[in-house]
Visitor: 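Take a look at the following structure, please.
Computed over heavy atoms, backbone and side chain alike; hydrogens, waters and symmetry mates excluded. Letters A, B, ... are given to chains in the order of the sequence lines, protein chains preceding strands, and every chain is numbered from 1.
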Number of protein chains: 2
Amino acid sequence: MTIRNIDSTLSLAILGRISMHPMSGYDVRKVFLSTAWKTFSSSPGAIYPALKRLETAGFIKGTVEKKDTLRPRKIYLLTEKGREALVEYLSRPLTREDIIWRLDIISLRFAFMDKLLEKERIFSFLQKLGTEIDSYLRILAEENMRLKKNMSFCGWAAFQLGVENLKTYARWAKRIQNELGKEEGDK
Amino acid sequence: MTIRNIDSTLSLAILGRISMHPMSGYDVRKVFLSTAWKTFSSSPGAIYPALKRLETAGFIKGTVEKKDTLRPRKIYLLTEKGREALVEYLSRPLTREDIIWRLDIISLRFAFMDKLLEKERIFSFLQKLGTEIDSYLRILAEENMRLKKNMSFCGWAAFQLGVENLKTYARWAKRIQNELGKEEGDK
DNA sequence: TGCAGCATGTAACCTGTTACATGATTAG
DNA sequence: CTAATCATGTAACAGGTTACATGCTGCA
């Protein structure tokens, strides 16, 4: 059983939003246009083709409202196959490559975990995030020492920003792990 | 006098690296493959076409070493036009859009400012970065209050990460402004 | 009546990914 | 001699951007 892949960050964001609540392409656009999800493209030329691909892959299913009108509103629902694909994607173990090339996707992945992964998995995701960042930071520290003298001030400062950024992610991971632990008592 | 634009993040990174030191396509690849600049694509299918576009635009000029061999080494130099284009690009006033959609480009822009912009401009870039982030953070805080109750735990946490990230940038900007001020005395 | 917002879509173009291709030089 | 590294490139494909296109609905 080969599940075709989620083919882009945008597709992941759309699929995730639909997993939270069924919605139309226009609804997705509104979210990406007017909320903190602004980072994603709200252009119809990106969203409608992405929805079509997700439907072709069998991850979502559109049902038409107002069939009579010329431009009916199509509401998309997550299918079982789509749920499986999302779970599989979110469960993938974090790698150093994720830290280097896809750091921005991490918070996106995390945002959808609530109803799709068990608490244990969410916890270990955060754990792995922390350790991966720490090990990469060690490599960067070595590189920093080697290059320090040849670097220009601005080059050095930009490097520092990258480091601070990673540290912020690591701090966040630890904090959220804590809060997740606390929640245990609530139930 | 219309200067054709730097057409992608990768082109900016390449042009910037060449502005620091003349180099061949292979040299660029090595930097993007093995240093903290790993975030950028080191694939030949991305770099060589980008170099060609930069040369066509007149921003860089390739001179061939070892003409006799079949695969000569081509060293690229920044042209005057290229320097102007870079200066123009780096001088562009930061906007909220830069904060929302191009946050990652900020450190890249900054890394090349040393030899291309006067200290005054570098300083005001950092200043603007701080104020833009602060004003966007206020909007996010409002949104946070409005949505807090309907949000899932993971959704809320992901949102928090975004906020922490922006705060890191703002802190960095203030710190570097300080250090830039201190440097004044050195000269 | 006219304008803003609802709602979906297509087409040209551009950049980056993946995979392939070529051949020289150097170290073991 | 052979493997790794130097060194440059192309071609098919995929996804996003920009701009265009269509027509409905509700409100002032």
Visitor: Which one of A:Asp114, A:Ile60, A:Leu78, A:Leu77 satisfies the side-chain contact (heavy atoms from CB on, under 4.5 Å) criterion with A:Ser19?
Guide: A:Leu78
Visitor: In whole angstroms, how far is the P atom of C:dG5 from the CZ atom of A:Arg73?
Guide: 17 Å
Visitor: Tell me: CD of B:Glu65 to P of D:dC6, nearest whole Å?
Guide: 15 Å
Visitor: Which whole-number value in Å describes the distance from B:Arg102 CZ to D:dG16 P?
Guide: 17 Å
Visitor: Considering only heavy atoms, which members of residues 39-54 of chain A lie under 4.0 Å from some atom of DNA chain D?
Guide: A:Ser41, A:Ser43, A:Gly45, A:Ala46, A:Arg53
Visitor: What I want to find out is whether A:Glu80 reaches A:Arg83 closely enough, with some N-O distance under 4.0 Å, to be called a salt bridge.
Guide: yes
Visitor: Which whole-number value in Å describes the distance from B:Glu97 CD to D:dT18 P?
Guide: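 About 12 Å, once rounded to whole Å.
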Visitor: Would you indicate whether the side-chain heavy atoms of B:Leu86 and B:Leu12 approach each other to under 4.5 Å?
Guide: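 Counting from C-beta outward, B:Leu12 and B:Leu86 do come under 4.5 Å.
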Visitor: Quick check on C:dC14: is either OP1 or OP2 less than 4.0 Å from any side-chain nitrogen or oxygen of B:Ser8?
Guide: no
Visitor: Taking it one step at a time, do B:Glu179 and B:Lys182 satisfy salt bridge (charged side-chain N to carboxylate O under 4.0 Å, His left out)?
Guide: CA-CA 5 Å; B:Glu179 296 197 26; B:Lys182 270 185 217 158; 5.8 Å; no
Visitor: May I ask you to evaluate whether A:Tyr26 reaches the phosphate of C:dT8, defined as a side-chain N or O under 4.0 Å from OP1 or OP2?
Guide: no
Visitor: Could you check how far CG of A:Asp27 sits from C1' of C:dG5, rounded to whole Å?
Guide: 13 Å
Visitor: Taking atom types as modelled, find out whether B:Asp27 and B:Ser24 have a side-chain donor-acceptor pair closer than 3.5 angstrom.
Guide: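 Their side chains do contain a donor-acceptor pair, which is all the 3.5 Å distance test asks for.
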Visitor: Taking atom P of C:dG16 as reference, at what distance in whole Å does atom CG of A:Leu10 sit?
Guide: 18 Å
Visitor: Calculate the interatomic distance between B:Asp7 atom CG and D:dT17 atom C1'; express it in whole Å.
Guide: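 So the CG-C1' distance, B:Asp7 to D:dT17, works out to 13 Å.
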Visitor: Would you indicate what B:Ser24 reaches in the nucleic acid, counting non-hydrogen atoms under 4.0 angstrom: base, sugar-phosphate, or nothing?
Guide: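 The answer is sugar-phosphate, as B:Ser24 gets under 4.0 Å only of primed atoms, P, OP1 or OP2.
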Visitor: Can you tell me how far C1' of C:dT8 sits from CD1 of A:Ile14, to the nearest Å?
Guide: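 Distance check: A:Ile14 CD1 to C:dT8 C1' gives 14 Å.
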Visitor: Under 4.0 Å between a Lys/Arg side-chain N and an Asp/Glu carboxylate O for B:Glu142 and B:Arg146?
Guide: no
Visitor: Using distance alone, with no hydrogens and no angle criterion, decide if A:Thr168 and A:Asn165 have a side-chain donor and acceptor under 3.5 Å apart.
Guide: no
